[in-house]
Amino acid sequence: MDLILWRHAEAEEAPEGGEDLERALTSRGEKQAARMAGWLDRQLPEGLRVLASPAKRTEQTARALGRKFKLRAELLPGGSPADLLELVQWPRSRGAVLVVGHQPMLGQVVAHLLALQASDCAIRKGAVWWLRHRQRLEAEETVLMAVQSPEFL
């Protein structure tokens, strides 16, 4: 199974008393999302499932890819790594799943799956972390396949 984690691109600051879920991408964020979507489109396998948080900024980031996606409340800010892993059925699912979400949840998932000492891993806005689960001899492994940031595209 492949799990591709894509943090939403740069978003506007929430106005005083404003709703966090309504924050839209900045013009820089739109460019980040477009660059990363172009890179992803060339790499992603057929049959990919795409899931996104229903927050406006994640929806806009996912839309840049130009593929069908489902909005899932489990991916909203404040969700847990366990919620995300259950949603994508890690590591039981076959194929690949792309999740467009938020920090700190995405970083917590990476830290957990890679057995990092820290409970959280910093993931830059607009960046992708691509993880693969595989069975190797008698052991199960999580392999870091790629880390890509929109600034390097």
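Here, residue 1 is the first one in the sequence, and each next residue gets the next number. What's counted below: heavy atoms across the whole structure, side chains too, no hydrogens, waters or symmetry copies.
Taking the side chain as every heavy atom from C-beta outward, Leu65 and Leu98 approach each other to under 4.5 Å. Considering only heavy atoms from C-beta on, Leu85 comes within 4.5 Å of His112 through its side chain. Side chains of Arg7 and Arg124 form no contact here, defined as non-hydrogen atoms less than 4.5 Å apart. No side-chain heavy atom of Gln43 sits less than 4.5 Å from a side-chain heavy atom of Val128. No side-chain heavy atom of Ser53 sits less than 4.5 Å from a side-chain heavy atom of Leu21. Contact check for Glu151 versus Gln32: side-chain heavy atoms found under the 4.5 Å cut-off.
The shortest non-hydrogen separation linking Ala118 to Ala111 is O-CB, 3.4 Å. Closest heavy-atom contact between Leu71 and Pro54: CD2-CA, 4.1 Å. Nearest heavy atoms, Ala55 versus Leu76: N-CD2, 4.0 Å. Minimum interatomic distance between Asp120 and Pro104 (heavy atoms only, all atoms of both residues): OD2-CB, 3.4 Å. Heavy atoms only, all atoms of each residue included: Pro81 and Met105 are closest at N-CG, 4.0 Å.
Proximity of a side-chain donor or acceptor of Ser149 to a complementary backbone N or O of Phe152 within less than 3.5 Å is not detected. For the pair Gln60 (side chain) and Leu25 (backbone), a donor-acceptor distance under 3.5 Å is present. Of the possible donor and acceptor atoms, one in the side chain of Thr61 sits under 3.5 Å from a partner among the backbone N and O of Ala9.
Going from atom CG of Leu3 over to atom OG1 of Thr142 covers 9.5 Å, rounded to the nearest 0.5 Å. To the nearest 0.5 angstrom, Trp6 atom CH2 is 12.0 Å from Leu106 atom CG. For the atom pair CG (Leu84) and CG (Leu51), the distance works out to 8.5 Å, reported to the nearest 0.5 Å. Separating the CZ atom in Arg49 from the CZ atom in Arg94 is a distance of 13.0 Å, to the nearest 0.5 Å. For the atom pair Gln103 CD and Cys121 SG, the distance stands at 7.5 Å (nearest 0.5 Å). Going from atom CG of Leu113 over to atom CH2 of Trp129 covers 11.5 Å, rounded to the nearest 0.5 Å.
Linking Ile, Leu, Val, Met, Phe, Trp and Tyr residues whenever their side-chain heavy atoms come within less than 4.5 Å places Val99 and Val109 in a single cluster. Connection of Leu40 to Val88 is not established within any shared hydrophobic cluster, with ILVMFWY side chains joined at heavy-atom distances below 4.5 Å, either directly or through further cluster members. Under the 4.5 Å side-chain heavy-atom criterion for grouping Ile, Leu, Val, Met, Phe, Trp and Tyr, Leu153 is not connected to Leu5 through any hydrophobic cluster. Trp130 and Val110 are not part of a single hydrophobic cluster, where members link through side-chain heavy atoms under 4.5 Å apart. Hydrophobic cluster membership differs between Met36 and Leu144, with clusters built from Ile, Leu, Val, Met, Phe, Trp and Tyr side chains linked at under 4.5 angstrom.
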Full working for salt bridge (Lys or Arg N to Asp or Glu O under 4.0 Å) between Arg23 and Glu10: CA-CA 10 Å; Arg23 293 173 43 216; Glu10 182 181 275; over 6 Å; no

Stepwise side-chain contact (heavy atoms from CB on, under 4.5 Å) test for Arg67 and Asp41: CA-CA 9 Å; Arg67 297 186 186 204; Asp41 196 49; 2.9 Å; yes

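Checked against Asp20 for a side chain to side chain donor-acceptor pair (under 3.5 Å), the options Lys56, Arg57, His102 give a single hit: Arg57.
No more than 12 heavy-atom neighbours from other residues, nucleotides or ligands sit within 6.0 angstrom of CD on Glu13.
A search for side chain to side chain contact (heavy atoms under 4.5 Å, CB included) contacts involving Ala96 returns Asp2, Ile4, Pro45, Leu48, not counting sequence neighbours. Listed by chain and residue number, Arg136, Glu141, Val143 satisfy the side chain to side chain contact (heavy atoms under 4.5 Å, CB included) test with Arg134 (two or more places apart in sequence, or in another chain).
Salt bridge Glu12/Arg28: absent, no basic N to carboxylate O contact under 4.0 Å.
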